[in-house]
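Let me begin by presenting the structure, written as structure tokens, before commenting on it.
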Amino acid sequence: MIVSSWGRYPKVETADVKRLQWLHEKIDFDPEKRYLAYGMGRSYGDSCLNEGGTLLMTRGLCRFVSFDPETGELHCESGVTLREILAFALPRGFFLPASPGTSQVTVGGAIANDVHGKNHHVAGTFGCVVDGFRLLRSTGETLWCSRTENPALFAATIGGLGLTGLILDVKMRLRKVRGPWLRTETIRFGSLREFLQLSKELAPKYEYSVSWVDGTSSGAQLGRGLFMAGNHADVTVEEKKEPFVPKVAFPCEAPEWLLNKLTIRAFNALYWRKTLGERVSGLQHYVPFFYPLDAIEDWNRMYGKRGFFQYQCVLPFGDGEEATAEMLRRISAYGKGTFLSVLKTFGDVRSPGMLSFPRPGITFALDFPNEGKETLDFLSMLDDIVTEAKGALYPAKDARMAPKMFEASFPRLNEFAEHVDPRFSSSLWRRLGGTHVR
Amino acid sequence: MSDNVIVFGATSAMALGAMRRYAAEKARLVLVGRSPEKLDAVRNDLLAFGAASADVVVADLSDLSAQQGAVDAAWAKAEGGADAVLVAYGSLPDQAACQADTDLAVREFNNNGTSAVALCNRLAQKLEERGSGCLAVISSVAADRGRESNYLYGAAKAALATFVDGLFVRLSKKGIRVIDVKPGLVSSPMTAHLKQGPLFAKSDAVGAAIHRAMKNPSFQGTLYVPRVWALVMFVVRHVPEVLFKRVRF
């Protein structure tokens with residue numbers, strides 16, 4: 001069976017697929033095989049792929065175990081998606097304490113990739129809001145992992161790319177909100193410097209912030225974009241009804257000529273003019289604010305059959321600022337970085353995860369249609385800039401970095417490797433794990 | 001007052017969507033099924049969703065001799081009797097294996113057809129005695145016409161659907177609503193091994209539609225979910241046989 005991730009590159013042959021349905025059902029681990037959990041397949045590269053191995057499909061583990069409406073403590077199985085949690089939590093006056101840019105991921109996947117969201121500068125990563133989880137090792141043993149029980153395995157599993165075993169069920173604490181609305185503000189900025197200034201000024205005022213950056217602008221307009229920030233509003237659904245969100249799906253694989261320098265530049269220019277003024281504020285529903293792309297099902301088909309690469313790096317403040325500008329210059333000259341480009345500053349809330357990606361600095365994410373060697377060469381060149389500035393790459397979005405880049409990105413790699421389950425592996429791990437791969 | 005709801009085949013994925021919505025309305029639920037571990041997982045889920053109570057009755061409903069006991073036990077747990085009953089159990093037989101093995105074919109027919117008919121007959125007696133309530137039974141669009149790829153399943157569901165159809169007429173005179181739920185293709189554990197195209201609906205959405213129909217005091221009779229299947233099956237039922245035998249689906 002051919003399986004691919006959200007980036008639709010690579011597409012690999014998986015020997016076997018096991019659909020998990022019930023927590024109590026035993027899994028017989030064959031010592032000759034290599035296993036990996038697969039949830040919604042929303043990571044972009046090969047971290048959720050296991051060429052020649054067995055995928056444990058976790059989506060059937062979709063039940064809630066308990067919920068305390070006083071404290072907001074939620075206990076659920078690992079295949080529950082963040083969208084399901086939101087649908088459950090909002091009518092009860094709660095919200096996710098941390099969420100990535102799509103709600104179409106499982107809780108298990110959110111832990112394994114230690115995902116982050118627009119409130120990283122306040123709340124930290126997903127791993128920061130998880131109280132504990134039960135981990136199944138290939139020996140058949142199940143271990144409750146938390147900050148106090150099996151803390152090393154807890155830290156290895158958060159951001160551990162599914163390599164430490166199978167996450168069965170999870171406890172986390174939801175946060176209280178009054179309704180699904182946010183007070184948001186969108187501010188235009190003309191350069192990277194202005195972006196950093198805005199981030200610094202507005203970070204204390206806003207719980208959520210993210211910026212879109214025009215990856216095609218150059219010269220005086222280099223690094224122009226839109227800074228979007230928001231706070232939960234004190235507005236209930238009774239006061240303002242939820243909007244109707246139409247269901248739209250990208251109907252088919254787009255032809256490869258659709259995305260070219262011209263259309264990409266035109267889209268970016270239009271998007272920059274999306275807001276009518278320099279500074280626009282208003283009341284916004286949480287779905288378009290947090291999950292704008294969830295509105296279009298299968299949007300990844302836009303890139304056609306060949307798929308695409310998402311490139312996300314983090315660069316430390318200081319030296320990293322010039323490196324970010326340099327990357328923007330190169331990307332603009334290359335002209336193939338598309339419009340889904342995101343800029344954000346990470347805060348200093350530390351994740352417990354050994355391989356956690358977010359760290360204080362500027363993070364930058366951008367899509368590139370896969371055009372083979374040309375794209376790969378370009379991305380390697382970006383790698384050099386990131387390495388030079390002592391930055392890191394996000395494995396959940398990677399399908400091509402070199403092992404030395406991975407090592408440089410994660411100083412606790414050796415410590416992590418000791419906790420990898422010998423019968424768990426992934427295409428990414430075999431590509432990047434080097435001598436640690438068993 | 002929130003409802004007393006009994007669900008037969010409470011570990012089915014479609015039933016979960018309906019039960020969660022009842023739970024959110026603080027219903028009292030009684031869950032009947034074969035596996036205590038699975039029932040326990042579902043019970044916890046429903047309590048988390050807000051069910052006032054969720055009791056479990058363990059029974060193999062394909063065993064006709066155990067059915068009356070299960071119905072009585074469930075009725076006793078739903079104090080004051082059930083306001084709503086959902087029959088959701090079934091299995092998707094392997095058509096080719098059934099063709100080669102008549103015993104298997106009969107077993108599958110009994111599970112999806114005979115035992116479900118027997119259960120509905122018992123439930124009709126209980127509801128009639130009570131004089132009110134709603135009975136929803138999940139059959140299938142497969143009941144509407146015999147397809148080469150799954151006509152054994154279709155035949156069993158057709159027996160059930162026809163029975164429920166008659167029951168609907170009979171009980172409607174007594175103020176009891178009977179709903180024959182005919183889901184189209186639904187992605188669930190029962191169909192996980194099939195290649196899933198765009199026609200597949202999410203089991204949660206199907207569960208939501210079942211709950212909506214059960215709660216609607218003016219709804220009874222056949223419910224196609226998603227609704228488009230009413231149209232699809234209207235066409236399928238009217239395809240002339242000369243054409244039908246050429247179409248592969």
Side-chain angles (χ1 to χ4, degrees), chain A residues 1-2 16-26 38 40 55-81 83-85 87-94 104 134 168-172 174 247-252 297-298 301, chain B residues 9-17 19-26 29 31 33-52 54 56 58 91-92 186-208 211 226 228:
Chain A
M1 182 175 166
I2 301 280
D16 193 12
V17 158
K18 252 190 172 55
R19 289 174 207 281
L20 311 180
Q21 303 291 353
W22 300 92
L23 276 192
H24 70 272
E25 281 173 348
K26 271 206 145 54
Y38 184 100
M40 294 291 283
L55 286 179
L56 303 170
M57 312 304 254
T58 61
R59 202 38 203 115
L61 303 175
C62 61
R63 286 161 213 93
F64 288 51
V65 182
S66 67
F67 177 68
D68 183 340
E70 296 301 315
T71 61
E73 191 182 78
L74 173 70
H75 184 184
C76 67
E77 297 178 1
S78 63
V80 172
T81 66
R83 178 181 286 195
E84 287 166 341
I85 293 181
F88 172 87
L90 267 164
R92 292 166 174 83
F94 287 91
Q104 292 284 64
R134 202 149 49 104
L168 294 173
D169 50 325
V170 179
K171 271 188 189 167
M172 61 186 289
L174 303 180
K247 258 196 208 156
V248 188
F250 210 87
C252 56
E297 213 164 304
D298 301 322
R301 288 177 172 177
Chain B
T11 57
S12 117
M14 272 187 254
L16 186 67
M19 290 187 296
R20 279 179 168 177
R21 284 161 179 87
Y22 270 115
E25 296 165 356
K26 310 216 173 335
L29 290 128
L31 316 175
R34 208 170 32 191
S35 155
E37 292 92 352
K38 293 181 188 178
L39 287 167
D40 201 44
V42 173
R43 177 176 177 273
N44 288 336
D45 182 277
L46 298 174
L47 289 174
F49 269 77
V56 163
V58 180
S91 56
L92 188 61
V186 179
S187 44
S188 75
M190 198 170 93
T191 57
H193 59 286
L194 304 175
K195 190 169 157 35
Q196 312 214 333
L199 270 176
F200 274 79
K202 298 218 160 65
S203 59
D204 184 64
V206 173
H211 169 257
V228 61

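What you see below is based on every heavy atom in this structure, not just the backbone, and it leaves out hydrogens, waters and symmetry mates. Values in this document were obtained by computation on a predicted structure and should not be read as measured data. Lettering follows sequence order; numbering is per chain, from 1.
- Across A/Arg63 and B/Asp45, no two heavy atoms sit closer than the pair CA-OD2, 3.3 Å.
- Only the side chain of A/Arg19 comes within contact range of chain B, with at least one heavy atom under 4.5 Å from a heavy atom of that chain.
- Residues passing the ring-ring contact (aromatic ring centres under 6.0 Å, His included) test with A/Phe64 are A/Phe88, B/Phe49, sequence neighbours excluded.
- In this structure, chain A has no heavy atom under 4.5 Å from any part of B/Arg43.
- Closest approach of A/Cys62 to B/Arg20, counting heavy atoms only: O-NH2, 3.0 Å.
- A 4.5 Å side-chain heavy-atom check between B/Lys38 and A/Glu25 finds at least one atom pair inside the cut-off.
- Residue B/Asp204 holds its CG atom at 7.0 Å from CD of A/Glu84, rounded to the nearest 0.5 Å.
- Under a cut-off of 6.0 angstrom, the local environment of CZ in A/Arg301 is crowded, with over 12 non-hydrogen atoms contributed by other residues, nucleotides or ligands.
- The part of A/Arg92 that comes within reach of chain B is its side chain, from C-beta onward, which places non-hydrogen atoms under 4.5 angstrom from that chain.
- Both the backbone and the side chain of B/Ala24 come within less than 4.5 Å of a heavy atom of chain A.
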